[in-house]
Amino acid sequence: MGLLRYTIYRLLQAIPVLIGISVITFVLANLAPGDPVRLMLQGQQVDEQLIRTIEQRYGLDQPLHVRYWNYMTGLVQGDLGYSIHRRRPVSELMLERVGPTLLLVLSAYLFALATAIPLGVIAAKRRNEPTDHISRIVALIGVSTPSFWIGIMLIIVFAVRLGVLPSAGLVYPWQPPEAAGHGGHLEHWVASIRHLLLPMIALGTLQMATLMRVERTQMIESLQEEYVKLARAYGVPERTILRKHAFRSAQLPIITIVGLNLSTALGGAVLVETVFAINGIGRLFVEAIQQLDYQLIMGITMVLGFMFVIGVVITDISYAYIDPRVTYGERE
């Protein structure tokens, strides 16, 4: 099976998953207690006729299955719906907020990979030495500590006590320096990095701890393979064995975990964005749930679900690319 056919095959397999996500999310959102129209008009003096008129305008008076069919029909045509609370298309609202979330998630992954892989390799090379024991303790703390709690602790230490880093918001590097009140590009980039450091560490710590333990385990297994022993017997330098033989084969589980943990990172971004007052997709999702904004909840869920599916497909393709023994759909 060729790469193109394999990619199409995996995407077709994802369609039932996306339909399942849409059904569950739609039913749960619409069965939640509360009335979105009354929430929208909260604090205003309105009569029942006005409420019924708004419900008819947005189709909220129709049966659940009709509303679901209408929503999915529009979704297939690229229409994510219309937010009745913000009175704007959902796609516009998401485009405004997607930049900060992508910046946060990607930087957290870069932080996790940049720290986990070298630490995992060192821990495997120095197995059962003090460095390995310290890495185990760090990984255990990272896995067992919630990201929002790490964020709060980072704020208390570095923003409140030491006062060296800001505690809230982001400075977007793609904006002109003048828009953020900075005199030049250097000052603007420094401010962007300073604002990003704490939320990046808070979100990336869990990924870093998980990847570090997997990297250590895989490196230890790779170093015990027969082909590594044979290379040592032929006098191949240990550094070459690590870099060319053991390291490459040990990265396959890392790629799988990075792809599959995308949904975890996006879920953690919801809490981290709330802690650091970042106006991203996660915070928008929390606001939509509080307001029972059905269209916005569905739009964000479907887009995140689609991103997760794409991440899994990319993971599978990367897996086959790195390991020549893996073909598209079967293992030789």
*Less than 4.0 Å between a side-chain N and a carboxylate O, is that true for Glu287 and Arg97?*
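Salt bridge: yes.
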*Should Lys125 and Asp132 count as an ion pair when the cut-off is N to O under 4.0 Å?*
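Not counted as a salt bridge, because no side-chain N and carboxylate O are separated by less than 4.0 Å.
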*Donor-acceptor side-chain pairing of Asn279 and Glu96 below 3.5 angstrom*: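 There is no such pair (donor and acceptor under 3.5 Å, judged by atom type) between the side chains of Asn279 and Glu96.
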*Taking atom types as modelled and ignoring hydrogens, do the side chains of Tyr71 and Ser22 form a donor-acceptor contact shorter than 3.5 angstrom?*
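No, Ser22 and Tyr71 have no side-chain donor paired with an acceptor closer than 3.5 Å.
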*Run the numbers on Ile84 and Gln295 for side-chain contact (heavy atoms from CB on, under 4.5 Å), then give the verdict.*
CA-CA 8 Å; Ile84 61 173; Gln295 300 286 344; 5.6 Å; no
*So Ser135 and Leu119, side-chain contact (heavy atoms from CB on, under 4.5 Å) or not? Walk me through it.*
CA-CA 7 Å; Ser135 73; Leu119 290 177; 5.6 Å; no
*Any chance you could lay out the side-chain contact (heavy atoms from CB on, under 4.5 Å) test for Asn70 and Gln62, step after step, and finish with the verdict?*
CA-CA 10 Å; Asn70 292 336; Gln62 297 177 345; 3.1 Å; yes
N/O donor to acceptor pairs below 3.5 angstrom from side-chain atoms of residues 222-230, sequence neighbours left out:
residue: Ser222; atom: OG; partner: Gln218; partner atom: O; Å: 2.9
residue: Ser222; atom: OG; partner: Ser249; partner atom: OG; Å: 3.3
residue: Tyr227; atom: OH; partner: Ser249; partner atom: OG; Å: 3.2

Please indicate whether [X] has more than 12 foreign heavy atoms, meaning atoms of other residues, nucleotides or ligands, lying under 6.0 Å from its [atom1].
X	atom1	answer
Phe158	CZ	no
His133	NE2	yes
Arg52	CZ	yes

_Pairing residues for Thr101 by the side chain to side chain donor-acceptor pair (under 3.5 Å) criterion, not counting sequence neighbours_ =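 With neighbours one apart ignored, the set is Glu273.
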*List the steps, then state whether side-chain contact (heavy atoms from CB on, under 4.5 Å) holds for Ile117 with Leu211.*
CA-CA 7 Å; Ile117 290 178; Leu211 294 174; over 6 Å; no
*For the residue pair Tyr82 and Arg87, establish whether any side-chain heavy-atom pair is separated by less than 4.5 Å.*
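Counting from C-beta outward, Tyr82 and Arg87 do come under 4.5 Å.
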*Taking side chain as C-beta onward, heavy atoms only, is Leu296 less than 4.5 Å from Leu284?*
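They are in side-chain contact.
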